[in-house]
Amino acid sequence: MDSAEFHAAVYETVRLIPAQKVTSYGHIAKLIGMPNHSRHVGQALKFLDPAADPPVPWYRVVSSSGAISSRGPGTNGARIQGDALTAEGVEVTVTPSGERKVDFSAFGWFPAPGTI
DNA sequence: CCCTTGACGAGCA
DNA sequence: CTGCTCGCCAAGG
């Protein structure tokens, strides 16, 4: 599997995430058969064209702890993602330190590989 | 070819 | 809860 196929597989899988559900980078990696490439799932989403057609609901992908990565101070990516999820009806908790988190027990989507 | 970076994950103190 | 270590691997300098 080359880089282009990897990206395609990631986008394809992310589109399968139901509305009002979230999953993790690591689980996306498992679903496409590359459990050790969680970092590259993030890369694929990072390179994604926001105007892709059909759209890719990248905002439904968070870290394994349920937290939304900050992307560093000065960037508003985390806030955008949190807002997008909130707008869809997903409960996003904001910790005192400003961290946004999602409750997997209520909104998690983790199908076993091969069952989708 | 070596070194550093990451929208990551799991384990441990 | 926070912080640190190690494993992972493609990309870019």
Side-chain angles (χ1 to χ4, degrees):
Chain A
M1 177 181 285
D2 62 26
S3 177
E5 291 177 309
F6 178 80
H7 281 202
V10 170
Y11 301 155
E12 196 177 330
T13 304
V14 172
R15 288 196 190 98
L16 299 176
I17 305 173
Q20 297 171 5
K21 291 291 179 181
V22 297
T23 192
S24 69
Y25 299 97
H27 198 73
I28 295 292
K30 289 178 184 174
L31 291 177
I32 64 178
M34 303 185 88
N36 304 347
H37 292 56
S38 53
R39 305 179 101 115
H40 305 290
V41 172
Q43 284 294 335
L45 296 182
K46 172 182 172 183
F47 294 137
L48 173 62
D49 177 2
D53 182 51
V56 178
W58 58 271
Y59 48 82
R60 293 182 190 141
V61 185
V62 299
S63 68
S64 65
S65 63
I68 298 175
S69 306
S70 69
R71 281 93 149 173
T75 58
N76 58 357
R79 186 182 62 74
I80 298 295
Q81 182 168 359
D83 288 350
L85 290 173
T86 301
E88 278 209 339
V90 175
E91 184 180 342
V92 178
T93 302
V94 181
T95 68
S97 58
E99 193 78 23
R100 290 174 171 72
K101 300 190 70 174
V102 178
D103 181 6
F104 280 157
S105 66
F107 302 100
W109 183 75
F110 299 97
T115 64
I116 50 179

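No hydrogens, no waters, no symmetry mates; every other heavy atom, side chains included, goes into these values. Chain A is the first sequence line, chain B the second, and so forth, proteins listed ahead of strands; every chain is numbered from 1.
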Open item on the list: Which is more 5' along DNA chain B, the nucleotide nearest A/His40 or the one nearest A/Ser63? Just name the residue.
Closed with: A/His40

TODO: Select base, sugar-phosphate, or nothing to describe what A/Ser70 touches, counting heavy atoms under 4.0 Å on all strands.
DONE: nothing

Open item on the list: Does A/Ser3 reach a base, just sugar-phosphate, or nothing at all? Heavy atoms under 4.0 Å.
Closed with: sugar-phosphate

Open item on the list: Any side-chain N or O of A/Ser64 below 4.0 angstrom from OP1/OP2 of B/dA10?
Closed with: yes

TODO: Kindly point out which of B/dG9, C/dA10, B/dA7 is positioned nearest to the side chain of A/Leu45?
DONE: B/dA7

Open item on the list: Applying a 4.0 Å non-hydrogen cut-off, can you work out what A/Ser38 is touching in the nucleic acid: base, sugar-phosphate, or nothing?
Closed with: base

- [ ] Can you check whether any acceptor in the base of C/dC9 is under 3.5 Å from a donor in the side chain of A/Arg39, or vice versa?
- [x] no

Task: Residue-phosphate contact under 4.0 Å: A/Ser69 side-chain N/O, B/dC8 OP1/OP2 - done: yes

Open item on the list: Parallel, tilted or perpendicular: which one describes the rings of A/Phe6 and A/His37, with boundaries at 30° and 60°?
Closed with: tilted

- [ ] Say whether, by atom type as modelled, one donor and one acceptor occur between the side chain of A/Arg100 and the main chain of A/Gly82 under 3.5 angstrom.
- [x] no

- [ ] Answer yes if A/Ile68 and A/Val94 sit in the same cluster of Ile, Leu, Val, Met, Phe, Trp and Tyr residues linked by side chain heavy atoms under 4.5 Å apart, and no otherwise.
- [x] no

Task: Nearest-nucleotide pick for A/Trp58, side chain only, options being B/dA7, C/dT2, C/dC1 - done: B/dA7

Open item on the list: Applying a 4.0 Å non-hydrogen cut-off, can you work out what A/His37 is touching in the nucleic acid: base, sugar-phosphate, or nothing?
Closed with: sugar-phosphate

Task: Flag, side chain of A/Gln20 to backbone of A/Glu88, donor-acceptor distance under 3.5 Å - done: yes

